[in-house]
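Here is the structure we will look at.
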Amino acid sequence: MGIRTLVGMLVAALAVIGLLATQTSYSLFLPGLLEGAVLTIEIAILGSLLAVVMGVLAALARLYGPAPVRWLATVYVEIFRGTSALVQLFWLFFVLPQFGILMDAFSVAVLALGLNVGAYGSEVVRGAILAVAPGQWEASIALNMSRAQMLRRIILPQAFIAMIPPWGNLFIELLKSTALVSLITLTDLAFKAQQMNQSTLKTVPIFTLVLLIYLVMSLVITIGMRFLEQRASAGLSRGRAA
């Protein structure tokens with residue numbers, strides 16, 4: 001699906017929200033839901049940044065680190081891929097204080113979701129690096145590059161393009177997983193919707209708006225990643241031509 005189509009869907013979703021906002025049954029709930037959406041966006045952005053950092057570090061550690069570092073990276077990936085994000089969230093929020101480690105709910109949400117998605121992202125990064133053509137590695141060795149130079153100048157720029165689509169999917173999954181943070185007292189979009197529904201029983205307008213707001217946020221991520229992919233592909237093509 002092209003960027004123009006995605007932008008059209010985004011505009012249509014925003015138009016529907018705007019149209020619904022003119023109706024009293026919907027306009028009463030929209031401000032509160034948007035307030036919750038702000039917290040959802042904050043958690044999603046910070047969690048995504050942590051996920052990228054952890055994904056890259058874990059992938060490089062598993063590929064090129066010494067044995068103890070490889071072992072630690074593998075343990076991290078397998079634990080966070082092999083257990084539920086909800087259990088991880090509860091463990092960090094309810095169990096760590098038993099060991100004297102106290103964090104506020106917002107920090108726990110960012111940490112749990114970032115580490116969870118970062119574990120999946122590490123496999124994306126590792127697979128993209130290994131997928132670079134062997135000739136690129138051989139040419140880098142022939143130029144007498146160090147491993148760091150090889151990765152920075154040759155391998156990672158090519159692997160980066162292959163990483164973008166799966167990372168986009170992971171960012172959307174992280175966004176949707178933010179609904180779990182309502183279970184540790186954070187007033188995100190999902191929590192606001194539950195509160196309003198319990199007090200008013202207006203299920204249809206509340207969750208229709210929630211669905212549309214999540215759709216808008218997901219489309220923004222998809223459009224941003226598609227645009228980044230196009231720019232990166234164009235830059236690589238110019239580099240090869242040069």
Query - Criterion side-chain contact (heavy atoms from CB on, under 4.5 Å) against Leu174, the qualifying member of Leu50, Ile45, Leu113, Asn116 - result: Leu113

Query raised in the report: Is the backbone N or O of Val117 less than 3.5 Å from a side-chain atom of Glu173, with the two atoms forming a donor-acceptor pair by type?
Result: no

Query raised in the report: Do any N or O atoms from the side chain of Tyr26 and from the backbone of Thr208 form a donor-acceptor pair under 3.5 angstrom?
Result: no

Query raised in the report: With under 30° as parallel and over 60° as perpendicular, where do the rings of Phe171 and Trp167 fit, or are they tilted in between?
Result: tilted

Report task. Write down the atom of Asp188, the atom of Thr178, and the distance for their closest heavy-atom approach. Result -> OD2-O, 3.1 Å

Query raised in the report: Within a reach of under 6.0 Å around CZ of Phe227, are more than 12 heavy atoms found that belong to other residues, nucleotides or ligands?
Result: no

Report summary line: Rounded to the nearest 0.5 Å, the NZ atom of Lys202 sits from the OG atom of Ser25 at a distance of 7.5 Å

Query raised in the report: Nearest 0.5 Å, what's the CG-CD1 distance between Leu175 and Ile221?
Result: 4.5 Å

Report task. Search all heavy atoms of Ala162 against all heavy atoms of Pro166 and return the closest pair with its distance. Result -> O-CD, 3.4 Å

Query raised in the report: With respect to Arg62, which candidate in Leu57, Leu72, Val77 satisfies the side-chain contact (heavy atoms from CB on, under 4.5 Å) definition?
Result: Val77

Query raised in the report: Quick one: does Arg70's side chain have a donor or acceptor within less than 3.5 Å of a partner on Gly65's backbone?
Result: yes

Requested in this report: Output the distance between atom OG1 (Thr40) and atom CD (Glu42), rounded to the nearest 0.5 Å.
Outcome: 9.0 Å

**Report entry** Minimum heavy-atom distance Ala61-Ala73, with the two atoms named
**Finding:** CB-CB, 3.8 Å

Query raised in the report: Can any side-chain N or O of Tyr214 pair as donor or acceptor with the backbone N or O of Lys176 at less than 3.5 Å?
Result: no

Query raised in the report: Under 3.5 Å, is there a donor-acceptor pair between the side chain of Glu229 and the main chain of Ile161?
Result: no

**Report entry** Side-chain donor/acceptor of Glu123 to backbone N/O of Ala119, under 3.5 Å
**Finding:** no

Query raised in the report: So, for Met163 and Ala128, which heavy atoms are closest and what is the spacing to 0.1 Å?
Result: CG-CB, 3.5 Å

Query raised in the report: Just how far is it from atom CZ of Phe191 to atom OG1 of Thr185, taken to the nearest 0.5 Å?
Result: 7.5 Å

Query - Shortest non-hydrogen contact between Gly47 and Val110, atoms and distance - result: N-CG1, 3.9 Å

Report task. Answer yes or no: is there a side-chain heavy-atom contact under 4.5 Å between Tyr64 and Leu151? Result -> yes

Query raised in the report: Which heavy atom in Phe29 sits nearest to a heavy atom in Pro205, and how many Å separate them?
Result: CE1-CG, 4.1 Å

Query - Check: Ser107 side chain, Met103 main-chain N or O, donor-acceptor pair, under 3.5 Å - result: no

Requested in this report: Would you give the length of the straight line joining atom CG of Leu228 to atom CD1 of Ile223, rounded to the nearest 0.5 angstrom?
Outcome: 13.5 Å

